[in-house]
Engineer: 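Have a look at the structure that comes next, please.
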Amino acid sequence: MTAIFTREGDLFRATELAGGPWSPDMLQGSATSALMVREVERLAVASGFAVRRLTFDLWRPAGLRAYRVETEMLRDGRKAKTIQVRLLDGETEIGRCTALLTAQGSESPADPFSKVTGADAAPETGTPPPAFAQKWSRYFQNVSVRLIEGALEKPGPAAAWMRLDVPMVEGEANTPLVQAVQAADFSSGVGQIVDMREWTFINPEISLYFFRPPEGEWILIRSRTRAGANGAGLTMASLSDRQGPFAEVLQAMTFERREAQAQAS
């Protein structure tokens, strides 16, 4: 298999390349969110509107099966539209994306406080992660990674360029938006703050806020995570391409100590 999903009529079947970090038989969050945003992008292009916010709610574990995507226009306005995309396994809803699209203006004000374009080190100057870290999931093995700050195998803030090297859907080129969304799911992993032999952490949702469209294949994630009370946490990340920043990411995190998890099961 050379793609994350293959087409079966109006269905998308997940291949073994979609396997995630907690089980090779369960989809990586990057796969589910990118499959949904593919439909959002199609509707945005058709309307001439820009994608401004994407909120993904990942409700159920998704296996290596065939999925259907359904869309609904929740609000169709002159300046803003809200679209809902549902990912279905038969009649069971696995996840949902709510997308805000806005009309595109003719110009924007100058921002004297924005980061200088091109200030980040290029992916060609970065360092690949250790081989064992690249094997965290079957999906991740098909993602090129170049670290420019921090390390994936050590807790703490980090910055890494990422690029999915196989098609999300067989026969289709990955668009910059698909690359951005699939990379964003790794924000919590890039900025993880715990020893993963002692803790698990999941994000049942993820939100992206765009202030311009992404460009190119390589996406830079610069992320950090904060732990709060009662197992709660928050990952915050900025996404950049070679031209500079283009989006912010928020992930609500849930931490659980592995000993407690084993006792509960």
Side-chain angles (χ1 to χ4, degrees), residues 28-30 33-34 37 40-41 44 50-56 58 97-102 108-129 133 140 143-164 174-194 201-228 232-253:
Q28 179 94 30
S30 296
S33 55
V37 84
V40 171
E41 185 168 29
V51 177
R52 296 295 310 282
R53 176 183 54 80
L54 298 168
T55 295
F56 299 92
L58 308 176
C97 173
T98 305
L100 172 68
L101 313 181
T102 62
S108 294
D111 182 359
F113 308 104
S114 63
K115 188 174 182 179
V116 177
T117 300
D120 291 306
E124 292 79 11
T125 68
T127 304
F140 198 42
V143 176
S144 290
V145 182
R146 296 294 182 270
L147 284 144
I148 60 173
E149 296 175 15
L152 294 187
E153 72 278 14
K154 298 178 182 178
W161 289 95
M162 293 192 181
R163 181 189 66 196
L164 178 62
N174 295 327
T175 66
L177 183 61
V178 166
Q179 288 284 8
V181 168
Q182 74 85 27
D185 185 69
F186 291 105
S187 298
S188 57
V190 171
Q192 54 90 8
I193 59 172
V194 296
F201 54 92
I202 62 169
N203 61 291
E205 65 82 43
I206 180 171
S207 293
L208 296 84
Y209 295 83
F210 295 83
F211 46 91
R212 70 167 175 84
E215 299 179 22
E217 298 180 318
W218 284 98
I219 304 298
L220 175 64
I221 306 168
R222 177 173 277 102
S223 69
R224 63 190 181 95
T225 298
R226 287 182 172 174
L234 180 67
T235 292
M236 298 155 283
S238 61
L239 300 184
S240 301
D241 53 26
R242 292 179 185 271
Q243 308 307 313
F246 63 83
E248 297 291 326
V249 179
L250 292 174
Q251 289 178 293
M253 304 299 300

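FYI, the numbering just counts along the sequence from 1.
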Engineer: Taking the side chain as everything from C-beta on, heavy atoms only, tell me whether N174 gets closer than 4.5 Å to Q182.
Structural biologist: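 When only atoms from C-beta onward are counted, Q182 and N174 do not touch, as no gap falls below 4.5 Å.
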Engineer: Would you please name every residue forming a ring pair (Phe, Tyr, Trp, His ring centres under 6.0 Å) with F56, sequence neighbours left out?
Structural biologist: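 By the ring pair (Phe, Tyr, Trp, His ring centres under 6.0 Å) rule, F56 matches no residue at all.
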Engineer: For E215, give me all partners under side-chain hydrogen bond (donor to acceptor under 3.5 Å, both in side chains), at least two apart in sequence or on another chain.
Structural biologist: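 side-chain hydrogen bond (donor to acceptor under 3.5 Å, both in side chains) list for E215, sorted by chain: empty.
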Engineer: For E248, which residues count as a salt bridge (Lys or Arg N to Asp or Glu O under 4.0 Å) partner, sequence neighbours excluded?
Structural biologist: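 Testing E248 for salt bridge (Lys or Arg N to Asp or Glu O under 4.0 Å), a comparison that skips the adjacent residues, returns none.
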Engineer: Return yes if some donor-acceptor pair links the side-chain N/O of T235 with the main-chain N/O of S188 below 3.5 Å, else return no.
Structural biologist: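 Side chain of T235 to backbone of S188: no pair is present.
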Engineer: Would a distance-only check, ignoring hydrogens and angles, find a side-chain to backbone donor-acceptor pair under 3.5 Å from R52 to F210?
Structural biologist: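 Side chain of R52 to backbone of F210: a pair is present.
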Engineer: Over all heavy atoms of both residues, which pair between V181 and S33 is shortest? Give the atoms and the distance, please.
Structural biologist: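 It is CG1-OG, 3.6 Å.
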Engineer: Which heavy-atom pair separates A184 from I206 by the least distance, and what is that distance?
Structural biologist: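 The answer is O-CD1, 3.5 Å.
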Engineer: Could you verify whether a donor N or O on one side chain and an acceptor N or O on the other, from R146 and S144, lie under 3.5 Å apart?
Structural biologist: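 Per modelled atom types, R146 and S144 side chains form no pair under 3.5 Å.
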Engineer: Is there side-chain contact between F211 and P245, with heavy atoms separated by less than 4.5 Å?
Structural biologist: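 Touching, per the 4.5 Å side-chain cut-off.
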Engineer: Would a 4.5 Å heavy-atom cut-off, applied to side chains only, mark M236 and L250 as touching?
Structural biologist: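 Side chain of M236 against side chain of L250, heavy atoms only: contact under 4.5 Å found.
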Engineer: What is the minimum heavy-atom distance between L208 and A180, and which atoms define it?
Structural biologist: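 That closest heavy-atom pairing would be CD2-O, 4.4 Å.
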Engineer: Which heavy atom of V178 sits nearest a heavy atom of A34, and at what distance?
Structural biologist: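 It is CG1-CB, 4.2 Å.
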Engineer: Check whether any side-chain heavy atom of F186 sits under 4.5 Å from a side-chain heavy atom of V145, and report yes or no.
Structural biologist: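 No, side chains not in contact.
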Engineer: Evaluate the side-chain proximity of C97 to L54: yes if any heavy-atom separation is below 4.5 Å, no if none is.
Structural biologist: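 Sidechains of C97 and L54: in contact.
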Engineer: Hey, could you give me the CG/CD1 distance between L239 and I221, rounded to the nearest 0.5 Å?
Structural biologist: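 That separation rounds to 6.5 Å.
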Engineer: Just verifying a value: how many Å separate L147 CG and L152 CG, rounded to the nearest 0.5 Å?
Structural biologist: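 So the CG of L147 and the CG of L152 are separated by 4.5 Å.
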Engineer: Taking all atoms of both residues into account, what is the closest heavy-atom pair of V249 and S187, and its distance?
Structural biologist: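 Answer, listing the atom of V249 first, then S187: CG1-OG, 4.0 Å.
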Engineer: Is there side-chain contact between R212 and D241, with heavy atoms separated by less than 4.5 Å?
Structural biologist: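 Result yes, sub-4.5 Å side-chain heavy-atom pair found.
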Engineer: What's the spacing between M253 CE and E205 CD if we round to 0.5 Å?
Structural biologist: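 Atom-to-atom, M253:CE and E205:CD are 9.5 Å apart.
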Engineer: What is the distance from atom CD of E149 to atom CG of D120, rounded to the nearest 0.5 Å?
Structural biologist: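 Here the rounded value is 7.5 Å.
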Engineer: Using a 4.5 Å cut-off on heavy atoms from C-beta on, say whether the side chain of P213 contacts that of L177.
Structural biologist: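 The answer is no; the side chains never approach within 4.5 Å.
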Engineer: With heavy-atom distances below 4.5 Å as the criterion, would you say the side chains of P123 and R242 are in contact?
Structural biologist: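 Yes, close enough: below the 4.5 Å cut-off.
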Engineer: Please report the closest heavy-atom contact between W161 and A122, naming both atoms and the distance.
Structural biologist: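 The answer is NE1-C, 3.7 Å.
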